[in-house]
Every structure is written in C-alpha cells, then in structure tokens.
Amino acid sequence: MACNTAITADIINDCTKRPVKGLKSKAWAFNKGVATLTFTDNLITNLVKTGAGTSFTLEGFKDFMNAGYEAVVTDNLPTGYKHKFMLDAFLATAAEKKNIDNADNFFVVVERNGSQTEGCFVAYGVNNGLWKTAQTKTANDNNGVTKLEYQTRAGEEEQYSEYVLWKTDYAQTLALLTATES
C-alpha cells in the first residue's frame, strides 16, 4: 500500500498575518468513550457527548498550559505525530489531587490565540488518547504548582499533526464545546 506523500497545496508565508503565540486560558478535556467525533482527514466537523459525564474544563492564567506535537519519523512506517499537552495545576484538596493522579487516556481541545477562523480550535490525542508522562511538584519551584505532561504513547502516534475542530463559524464551534460542559 502506497502512502500519499505529495505536497497538495501552496505553502505561502503571509507578512500581513503573523503567527500569534499561545493558547486561550480555557481548554476542554474528554475522557475516551464519552464523545463521538465526525471527521474527514484532520477536520472534525462535529463532537457529540455519548457517554456518561461531561467534558472537563481546564482554566488558568497566561501560559498555564501548552499543547503541540512532534513528528515521529521512521524508515519503515509513515510519519506519525506524538501529541503533547502540558498543564500547570494548583491542586488544593485531596479530591483534586486524587483526580489528577488518576488522569489518563483523554483527548483535549484547545483554542489558539489570534484570529477566530478555522484552525483556532485544535484537538490532540483524538484517536489514541493522551497518557501521563510526567507529574512533578516541588514546594519552592513554580510557586508550588503541580506540573503535568501528557503525550501519545510510543507506537500509537496520531496520523495527523493536529485535528481542527470547526463547524461553520467561530460562534457555532464555541457553542458546540460549551454545550458539552453540562
């Protein structure tokens, strides 16, 4: 079976549309099995809660979270993408600490800073989940905040670098995500 490795569109840097650093201060996390996604290639056009529970919102200040990917290139397989999600969390109660200690196998939707166009909502870990790779807290570092890192497991890389969540416009996409909260 041959993989399509051809370039299929122009790649043009536009000096009038500069990239913008960072993410908005809210993200949505979904345990695997509580949502059904409709997508073609890397474009998600619908997200519906199907299992018990809701999405979980992650909110904070400034750069408290980060998300992205890393290409995994091998000689005998198509390029895969290791999705990554990092989070600084202030965990005050025993229940909050237990919740995060057990968190694994979820996917996350984040909103990029910048324009409200297709590509501003991206999802990571959609097919194979995000799994904890590090959890660190030291009282005198990072203001005593717990630092968490999640990634796609080795050998379970995603097919695409990012999955774009987009209905027909920004308002509909935001409403779709907000509806999963209740």
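Because the structure is predicted, anything quoted here is derived from the model rather than measured.
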With a 3.5 Å distance limit and no angle check, can you tell me whether Asn99 reaches the backbone of Ala95 through a side-chain donor-acceptor pair?
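Absent.
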N-O pairing of Lys21 and Asp63 below 4.0 Å
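Yes, Lys21 and Asp63 are salt-bridged.
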Carboxylate-amine/guanidinium proximity below 4.0 Å for Asp88 and Lys147
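A salt bridge is present here (some side-chain N lies under 4.0 Å from a carboxylate O).
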Could you tell me whether the side chains of [X] and [Y] share a donor-acceptor contact shorter than 3.5 Å?
{"X": "Glu162", "Y": "Tyr124", "result": "yes"}
{"X": "Gln159", "Y": "Asn42", "result": "no"}
{"X": "Trp28", "Y": "Glu181", "result": "yes"}
{"X": "Tyr163", "Y": "Asp41", "result": "no"}
{"X": "Tyr170", "Y": "Glu111", "result": "yes"}

| query | Would Asp101 and Gln135 count as a side chain to side chain donor-acceptor pair (under 3.5 Å) if you check the C-alpha gap in whole Å, the side-chain angles of each, and the deciding distance to 0.1 Å? | reply | CA-CA 8 Å; Asp101 285 350; Gln135 180 174 338; 2.8 Å; yes
- Item | Sequence-distant partners of Leu77, side-chain contact (heavy atoms from CB on, under 4.5 Å), two or more places apart |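 Residues passing side-chain contact (heavy atoms from CB on, under 4.5 Å) with Leu77: Thr74.
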ask   = Does the side chain of Asn46 reach to within under 4.5 Å of the side chain of Leu176, using non-hydrogen atoms?
value =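 Yes, at least one pair of side-chain atoms sits under 4.5 Å.
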Non-hydrogen atoms of Lys26 and Thr57 that approach each other most closely |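 Scanning both residues, the minimum pair turns out to be CE-CG2, 3.5 Å.
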Point to revise | Those residues that, when tested against Phe107, pass ring-ring contact (aromatic ring centres under 6.0 Å, His included) (two or more places apart) | key: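 So Phe107 forms a ring-ring contact (aromatic ring centres under 6.0 Å, His included) with Phe30.
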_By the definition side-chain contact (heavy atoms from CB on, under 4.5 Å), identify the one residue from Leu130, Asn66, Thr152, Leu148 that meets it with Phe85._
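The passing option is Leu130.
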